[in-house]
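To keep things clear, I will list the structure first and then write my remarks on it.
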Amino acid sequence: MIYLDHNATTPVLPEVFEAMKPFFTDRWGNPSSSYRFGSELKGTIETARGQVAELIDARPSEVVFTGNATEANNSAIHAALKANPTKRHIITSQVEHSSVLNYCMALEKDGLRVTYLPVDREGLLNVADLEAAITDDTAVASLMWANNETGVLFPVADIARVCKSRGVLFHCDAVQAAGKLPIDVSKLAVDYLSMTGHKLGAPKGVGALYVHRKAPFSPYLYGGHQERGQRGGTENVALIVGFGKAAELAKANISAFEDTVRSLRDSLEEGILSAVPDAELNGHKSKRLSNTSSIAFRGVDSDALLMLLDQEGVCASSGSACLADSPDASHVITAMKPELHDERNTLRLSLGMEHTASSETWWLAAFVLRGFAASHEMEA
Ligand code: PLP
């Protein structure tokens, strides 16, 4: 199998699996219990909290563990609205993940007003559009760090500065950025920032929300006193340990990730773009994650192409895994290139650290091209 879909999910790293194992077999207590077999696990959770905090240069007390990033995203927007009950306006972008977009759309049905900022043909956001959209009624802006489909980066520092100067809370979905590029929240005026374990070598089902120590917060899940009353529900100790270990490894490997994966991605991408007529890159060439390549193949049905690649053992996608079963064109590609609104012709390739040799990249490119040729033949 050739796995080229790391933006959908990543393999659990062996060190992460080893770190988690005892918490399934021997140390399976409830951290809220008063006896030591349970209560000792509180310290285990705090170690993991420290590791996740370190990944983004936060204080451990600013990290709340959640069930996933979908919950973290919903929680942040919820907290910002709760803190500003008289403000009824949210700003987001047209290219956010469905965990932000669909929550915003649900809030619209409840009577809130939402501005969906556009992006240009390269997927970039214009901060002037954000400035123009802010009103006295704006409670929160929720804008992502890196796009999951194209890898395009938003100007997070500028966004944070504008939001702070206008008194608007800023939530950043950093799910795809965390572990792939350096993040230092201590130098950034961000109020909330979401992450998830399964994009950086931990299992699915554990996320985290950074909440700046001065940002307002109220729980999204009410329950027991877990997470200092910020998120009810018995902690998933094993997964939290796994997230902590994965965050520690990601922090240590961040520049290796950038260097190794970028050159492999570039040679794979250049190989495809130079060999396939009418293939076009989606997204800005350099303001982009080092591991992601989104390519539109004009006149090709991406579902057919993906099926053929699957038969060759290549795992890739046309966009977000969460929307893979939707018959519609990607909302991200449509926002960038409106003329593609009824086309599904995009292939997203997202690499990870296990792709190491450049020869392998060419082998992968050959697979992609074989799939491309076969799908053309099929259509003809
Ligand atoms: N935000 C972005 C940008 C994502 O790519 C994803 C996952 O695909 C999510 C949020 C949701 O993460 P989770 O699967 O942990 O809910």
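Counting starts at 1 for both ligands and their atoms, in listed order. Because only heavy atoms are used, hydrogens play no part in the values below, and waters and symmetry mates are left out as well, while side chains stay in.
Counting heavy atoms under 4.0 Å from ligand 1, residue Lys204 does not touch it at all. Residue Ser99 touches ligand 1 through its side chain alone, judged by heavy-atom distances below 4.0 Å. When heavy-atom distances to ligand 1 are checked against a 4.0 Å cut-off, Lys199 comes that close only through its side chain, counted from C-beta outward. Residue contacts with ligand 1, taken as heavy atom pairs separated by less than 4.0 Å, do not involve Asn147 at all.
Taking a 4.0 Å cut-off on heavy atoms, His198 registers as neighbouring ligand 1.
Counting only N and O atoms by type, the side chains of Asn73 and His97 include no donor and acceptor under 3.5 Å apart. Between the side chains of Glu96 and Ser142, no donor-acceptor pair of N or O atoms lies under 3.5 Å.
Of all atoms in ligand 1, numbered sequentially from 1 with element shown, those under 4.0 Å from a heavy atom of Asn68 are 13 (P), 15 (O), 16 (O). Against a heavy-atom cut-off of under 4.0 Å, Asp173 is close to the following atoms of ligand 1: 1 (N), 2 (C), 3 (C), 10 (C).
At least one N or O atom of Thr196, backbone or side chain, sits closer than 3.5 Å to an N or O atom of ligand 1. Residue Met144 has no nitrogen or oxygen atom sitting less than 3.5 Å from a nitrogen or oxygen atom of ligand 1, judged on distance alone.
A perpendicular orientation is assigned to the rings of Tyr210 and His212, their planes being inclined by more than 60° (bins at 30° and 60°). Ring pair Tyr192/Phe217 is tilted by interplanar angle, where 30° to 60° counts as tilted.
Counting heavy atoms of neighbouring residues, nucleotides and ligands inside a 6.0 Å radius, atom NZ of Lys287 does not exceed 12 of them.
Here the CD1 atom belonging to Ile254 is positioned 11.5 Å from the CG atom belonging to Asp259, to the nearest 0.5 angstrom.
Tested against Gln230 for a side chain to side chain donor-acceptor pair (under 3.5 Å), the candidates Gln226, Arg228, Glu227 yield a single pass: Arg228.
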